[in-house]
A.B. asks: 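Take a look at the following structure, please.
When a residue number appears, it is its place in the shown sequence, counting from 1.
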Amino acid sequence: MADTTGRLMAGIRQWASSGHDEATDLKKEVAKAGCLAIGDAPDREMVTVQGTLRTVTLRPRGGVPALEAELYDGTGTITVLWLGRRRIAGIYPGRAIKVTGRIGVHGGVRTVYNPRYDLRY
């Protein structure tokens with residue numbers, strides 16, 4: 001039993017460490033690209049942020065198609081939403097992307113609607 005618990009704890013530590021390493025790497029990329037960190041980006045001002053898309057989902061809003069993605073940069077997350085789009089070539093989970101737009105807060109969720117975007121590496 002103790003051996004199983006030890007292996008489980010070692011696996012959890014490795015998983016947590018890889019998440020920390022990913023966050024550190026993303027923060028370095030953001031700084032290198034000259035973008036604001038999501039955690040530091042002000043609401044209701046034009047900003048350029050960069051990170052990795054964690055999820056990409058089709059979520060119709062009011063009968064209109066909407067492509068929704070969660071962007072993570074190691075300091076925080078924002079929701080990126082393209083209204084009227086079912087799919088965008090190159091937009092998929094795990095993809096690095098730079099977006100420019102105005103961050104609004106809707107229902108407690110920080111969101112950028114229809115941003116300009118640049119696919120990274």
Side-chain angles (χ1 to χ4, degrees):
M1 181 79 158
D3 185 45
T4 303
T5 304
R7 282 186 283 155
L8 177 62
M9 293 305 292
I12 291 171
R13 277 192 298 276
Q14 182 179 3
W15 174 78
S17 176
S18 68
H20 176 72
D21 293 344
E22 177 191 16
T24 302
D25 291 344
L26 286 170
K27 288 178 199 175
K28 287 178 186 174
E29 289 296 318
V30 168
K32 190 164 122 181
C35 297
L36 282 173
I38 290 172
D40 297 335
D43 294 339
R44 300 191 297 169
E45 291 184 26
M46 289 297 287
V47 297
T48 299
V49 295
Q50 177 176 302
T52 301
L53 296 175
R54 284 185 162 174
T55 61
V56 177
T57 310
L58 177 62
R59 292 196 190 201
R61 293 178 177 238
V64 176
L67 190 64
E68 181 178 302
E70 180 184 66
L71 182 66
Y72 173 70
D73 76 346
T75 66
T77 61
I78 59 169
T79 297
V80 181
L81 191 65
W82 288 275
L83 299 171
R85 304 295 297 264
R86 295 182 192 282
R87 177 179 158 338
I88 299 174
I91 301 293
Y92 54 83
R95 182 66 189 247
I97 185 173
K98 181 191 287 189
V99 299
T100 301
R102 193 174 308 274
I103 299 174
V105 180
H106 303 282
V109 178
R110 298 179 78 207
T111 306
V112 178
Y113 287 90
N114 298 319
R116 290 185 175 171
Y117 64 93
D118 180 26
L119 301 175
R120 311 303 284 177
Y121 41 88

A.B. asks: Rounded to the nearest 0.5 Å, what separation is found between the CG atom of Leu119 and the CZ atom of Arg95?
C.D. replies: 4.5 Å

A.B. asks: Using the side-chain contact (heavy atoms from CB on, under 4.5 Å) rule, pick out the option among Ile78, Asp73, Val112, Thr75 that qualifies with Val49.
C.D. replies: Ile78

A.B. asks: Quick check: is Leu83 connected to Val56 through a chain of hydrophobic side chains (ILVMFWY, heavy atoms under 4.5 Å apart)?
C.D. replies: no

A.B. asks: Nearest heavy-atom pair of Pro93 and Arg54: which atoms, and what distance?
C.D. replies: CB-O, 3.6 Å

A.B. asks: Show your working on side chain to side chain contact (heavy atoms under 4.5 Å, CB included) between Ile38 and Thr77 and close with a plain yes or no.
C.D. replies: CA-CA 6 Å; Ile38 290 172; Thr77 61; 5.7 Å; no

A.B. asks: Checking the side chain of Arg110 only, and the main-chain atoms of Ala41 only, is there a donor and an acceptor separated by less than 3.5 Å?
C.D. replies: yes

A.B. asks: Looking at OG1 of Thr111 and CG of Leu71, how far apart are the two atoms once the value is rounded to the nearest 0.5 Å?
C.D. replies: 12.0 Å

A.B. asks: What do you reckon, is CZ of Arg120 surrounded by more than 12 foreign heavy atoms closer than 6.0 Å?
C.D. replies: yes

A.B. asks: Can you name the closest pair of heavy atoms from Thr48 and Cys35 and give their distance?
C.D. replies: O-CB, 3.5 Å

A.B. asks: Are Val99 and Tyr92 linked, directly or through other ILVMFWY residues, by side chains that come within less than 4.5 angstrom of each other?
C.D. replies: no

A.B. asks: Determine whether Tyr72 and Val109 fall in the same hydrophobic cluster, where Ile, Leu, Val, Met, Phe, Trp and Tyr are linked whenever their side-chain heavy atoms lie under 4.5 Å apart.
C.D. replies: no

A.B. asks: So, taking the atom named CZ in Arg85 and the one named CG in Leu67, what distance separates them when rounded to the nearest 0.5 Å?
C.D. replies: 8.0 Å

A.B. asks: Could you please spell out the steps behind the side chain to side chain contact (heavy atoms under 4.5 Å, CB included) verdict for Leu81 and Arg61?
C.D. replies: CA-CA 11 Å; Leu81 191 65; Arg61 293 178 177 238; 3.5 Å; yes

A.B. asks: Please tell me whether Val80 and Ile88 are part of a single hydrophobic cluster in this structure, the criterion being side-chain heavy atoms less than 4.5 Å apart.
C.D. replies: yes

A.B. asks: Which distance, rounded to the nearest 0.5 Å, do you find between the CG of Leu58 and the CH2 of Trp82?
C.D. replies: 13.0 Å

A.B. asks: Is it possible for you to say whether Leu36 and Leu53 belong to one hydrophobic cluster, with membership spreading through side-chain heavy-atom contacts below 4.5 Å?
C.D. replies: yes

A.B. asks: As an exercise, state the distance from CG of Asp43 to CZ of Arg102, rounded to the nearest 0.5 Å.
C.D. replies: 11.5 Å

A.B. asks: Output the distance between atom CD1 (Ile97) and atom CD1 (Ile91), rounded to the nearest 0.5 Å.
C.D. replies: 3.5 Å

